[in-house]
Protein chains: 2
Amino acid sequence: MPPELIAVLIAVSDDRPMVLTLEGGRLLPSGPLEAGHRSLQTGLRLWVEHQTGHALGHVEQLYTFADAPADVGPDGRRVLISYLALTRIRRGERGWRGWYDYFPWEDQTAPEGRDLVLRIVQLLDEWAARASSAAEQEARRQRVALTFGLEGLGWDDELVLQRYELLWEAALVPESASPGAAVLPGLGMARDERRVLATAMARLRAKIRYRPVIYELMPDSFTLLHLQRTVEAVAGQPMHKQNFRRLVAQQGLIEETGEVAPDTRGRPARLFRFRREVIGARRIAGSKLPLARPI
Amino acid sequence: MPPELIAVLIAVSDDRPMVLTLEGGRLLPSGPLEAGHRSLQTGLRLWVEHQTGHALGHVEQLYTFADAPADVGPDGRRVLISYLALTRIRRGERGWRGWYDYFPWEDQTAPEGRDLVLRIVQLLDEWAARASSAAEQEARRQRVALTFGLEGLGWDDELVLQRYELLWEAALVPESASPGAAVLPGLGMARDERRVLATAMARLRAKIRYRPVIYELMPDSFTLLHLQRTVEAVAGQPMHKQNFRRLVAQQGLIEETGEVAPDTRGRPARLFRFRREVIGARRIAGSKLPLARPI
DNA sequence: CTAGATTATGCTCAACATGAGCATAAAGGT
DNA sequence: ACCTTTATGCTCATGTTGAGCATAATCTAG
């Protein structure tokens with residue numbers, strides 16, 4: 001069985017990060033590496049275009065997964081080479097789903113997400129208490145505290161995969177080997193797809209901090225608030241407005257279009273565009289995420 | 001043909017970063033994924049132990065490569081899943097080579113490395129001038145400036161792979177499709193191994209900035225200067241001594257052993273050890289590399 | 001025994017970055 | 001005219017970073 005190529009296509013629409021899925025949201029675009037493919041990336045592009053009609057722009061390799069030995073079929077082991085692609089939704093495309101539909105606890109901008117985390121931590125505390133030895137109990141508690149930012153550690157938005165795997169072990173998600181009684185809200189996916197999605201979310205959240213990739217998700221022109229809302233949606237965390245603007249301004253990556261946003265409430269906002277020229281011209285940082293306290 | 005697992009084992013000895021090789025330094029430990037392997041990592045561990053006798057500690061996946069279509073053999077395409085492992089050299093082990101033997105231009109702590117870069121930039125300028133169109137010439141020049149830190153951009157120690165691929169394109173390394181007359185100093189390797197090594201170097205250089213992985217490369221007890229020299233050796237850049245100590249001290253990751261380094265010149269230095277307990281207890285940063293100007 | 005030479009270690013300073021919040025501006029709606 | 005809403009400018013305290021001065025302990029050469 002040849003390795004399989006699998007893609008996580010991300011776009012942001014109405015301040016919601018979206019992922020392109022197949023089969024009612026249970027699968028991601030994927031297909032086996034074939035002899036005719038010129039490279040891994042070309043193979044990936046062909047499969048995605050064939051299955052979704054979406055032509056990919058910039059693409060980045062994520063991680064290579066292998067099936068657990070229990071799942072090894074007659075043709076051998078399934079090896080998944082995963083990719084992240086940032087793009088924009090095109091008119092009439094179907095299959096886009098909000099990524100927080102799959103990971104509702106990852107949205108810490110809304111009170112629902114924060115409440116959900118409180119409930120999860122309770123359930124995980126019970127799980128920790130069920131460990132056989134005292135040492136294992138303590139180890140579990142420390143892991144919960146670390147991944148969910150308890151005890152003054154603060155929420156780390158990049159620990160998406162670690163949180164998912166903890167929930168998986170605690171049998172709180174439908175994919176778990178023997179899901180417990182309390183299954184959390186959040187759609188499941190087939191096979192390993194939700195782990196692949198979690199990996200993509202973590203990588204994107206990490207990347208917007210040190211590369212200006214957020215602009216790949218923006219329309220041609222946008223207001224500063226729109227940009228902030230997009231970053232917040234991806235990071236799942238609210239940010240301080242004035243500091244965000246200061247940061248974006250001093251990076252010099254955008255310029256005014258001279259126009260003003262239409263149909264807005266309040267004082268009209270100036271429109272900006274990304275300066276494509278600067279890419280390549282110098283080394284550039286992303287947004288360092290000026291965080292705000294949860295409201 | 002099943003995917004192949006390949007490992008870059010790194011250690012630091014006498015302030016020189018070393019890599020574990022086979023076949024006279026031309027190969028890295030590797031072997032195909034087999035049905036009996038419980039996971040990719042287990043497969044990798046088995047192969048490395050079988051081929052080198054070295055049991056691996058912590059391991060991290062790097063990148064998955066595929067052969068160029070021209071190199072696809074009768075059994076199909078070769079897919080390489082690469083890993084980085086940090087370790088220490090054990091007594092009597094053979095096959096360890098200095099990584100700067102393969103990438104001499106990556107050592108910017110020594111004047112030889114800096115002089116070599118000057119020569120390389122000259123050769124690349126000529127290569128840029130040989131481009132067919134003016135636009136392509138300009139694009140090449142910009143790429144050279146970016147990857148080699150010209151025009152006030154500063155040397156970026158993480159661009160190991162980008163520099164290697166640029167030299168490859170300019171036919172300045174023995175692996176190039178048609179190596180030119182001027183082949184640079186630096187050992188070549190078989191197949192894609194030198195690209196894998198470059199990827200590992202870049203990842204390690206990036207990682208010591210935000211995770212305390214440098215301690216995986218240190219002996220049980222060490223002086224602050226020894227720690228600094230190790231970081232400098234990995235990063236290939238000199239650092240400011242006092243600032244380095246301030247940084248390390250404020251991280252609270254090490255503690256004094258109470259002893260003093262033996263057989264030292266100058267004022268004797270206190271010995272420190274890494275506090276293994278703090279791993280997992282909190283989220284911790286690496287060394288932010290207080291850089292010094294090239295001397 | 002003393003003057004270097006050599007490495008260790010403590011401390012200061014300026015420049016800049018970051019988190020927080022006050023204040024004012026410019027729209028639309030009642 | 002006033003209130004609501006969003007945009008935008010500015011200040012302030014604190015922390016981080018790059019650079020370098022000064023002093024402390026050791027050894028070696030003369």
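Residue numbering restarts at 1 for every chain, and letters A, B, ... go by the order of the sequence lines.
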Checklist outcome for this item: Rounded to whole Å, CZ of A/R229 lies from P of D/dT5 at a distance of 14 Å
Next on the checklist: Under a 3.5 Å distance rule, please check whether A/R205 uses its side chain to pair with a backbone N or O of A/V234 as donor and acceptor.
Outcome noted: yes
Checklist entry - Can you tell me how far C1' of C/dA8 sits from NE2 of B/H240, to the nearest Å? => result 14 Å
Item to check | Integer-rounded Å distance: D/dG9 P and A/Q250 CD | outcome: 14 Å
Item to check | Interatomic distance where CD belongs to B/Q228 and C1' belongs to C/dA8 [whole Å] | outcome: 12 Å
Item to check | Pairs involving residues 222-231 of chain B, ordered by first then second residue, that meet salt bridge (Lys or Arg N to Asp or Glu O under 4.0 Å) (sequence neighbours left out) | outcome: B/R229-B/E232
Item to check | Sequence-distant partners of B/E255, side-chain hydrogen bond (donor to acceptor under 3.5 Å, both in side chains), two or more places apart | outcome: B/R273
Checklist entry - With the threshold set at 4.0 Å, does a side-chain nitrogen-carboxylate oxygen contact exist between A/D107 and A/R16? => result no
Checklist entry - At under 4.0 Å between heavy atoms, what does A/R246 touch on the DNA or RNA strands: base, sugar-phosphate, or nothing? => result base
Checklist outcome for this item: Testing D/dG9, D/dC21, D/dA7 for proximity to the side chain of B/Q242, the answer is D/dC21
Checklist entry - How about B/R90: does its CZ atom have over 12 heavy atoms from other parts shown lying under 6.0 Å from it? => result yes
Item to check | Rounded interatomic separation in angstrom, taking CG from B/L227 and P from C/dA8 | outcome: 12 Å
Next on the checklist: If you compare all heavy atoms of A/L224 against all heavy atoms of A/F244, which two are closest, and at what distance to 0.1 Å?
Outcome noted: O-CE2, 3.9 Å
Checklist entry - Out of D/dA25, C/dA8, D/dA19, which nucleotide sits closest to the side chain of B/P268? => result D/dA25
Checklist entry - When the distance from OH of B/Y210 to P of D/dT16 is rounded to whole Å, what number comes out? => result 21 Å
Item to check | Side chain of A/R245 (C-beta onward), nearest among D/dT6, D/dT8, C/dT9 | outcome: D/dT8
Checklist entry - In whole Å, what is the span from the CZ atom of A/F244 to the P atom of D/dT8? => result 13 Å
Checklist outcome for this item: The nucleotide from D/dG20, D/dA7, D/dG9 with an atom nearest the side chain of A/R267 is D/dA7
Checklist entry - Can you name the nearest heavy-atom pair linking B/H240 to B/Q242, along with the distance? => result CE1-OE1, 3.2 Å
Checklist outcome for this item: Taking D/dT5, C/dT7, C/dA26 as options, the one with an atom nearest any side-chain atom of B/K241 is C/dT7
Checklist outcome for this item: Computed from five pairs at either end and rounded to 10 degrees, the angle between the axes of the helix from C/dC1-D/dG30 to C/dT30-D/dA1 is 20°
Next on the checklist: Please report the distance, rounded to the nearest Å, between CG in A/L225 and P in D/dT5.
Outcome noted: 14 Å
Checklist entry - Taking only side-chain nitrogens and oxygens of A/R270, does any of them come within less than 4.0 Å of OP1 or OP2 of D/dG9? => result yes
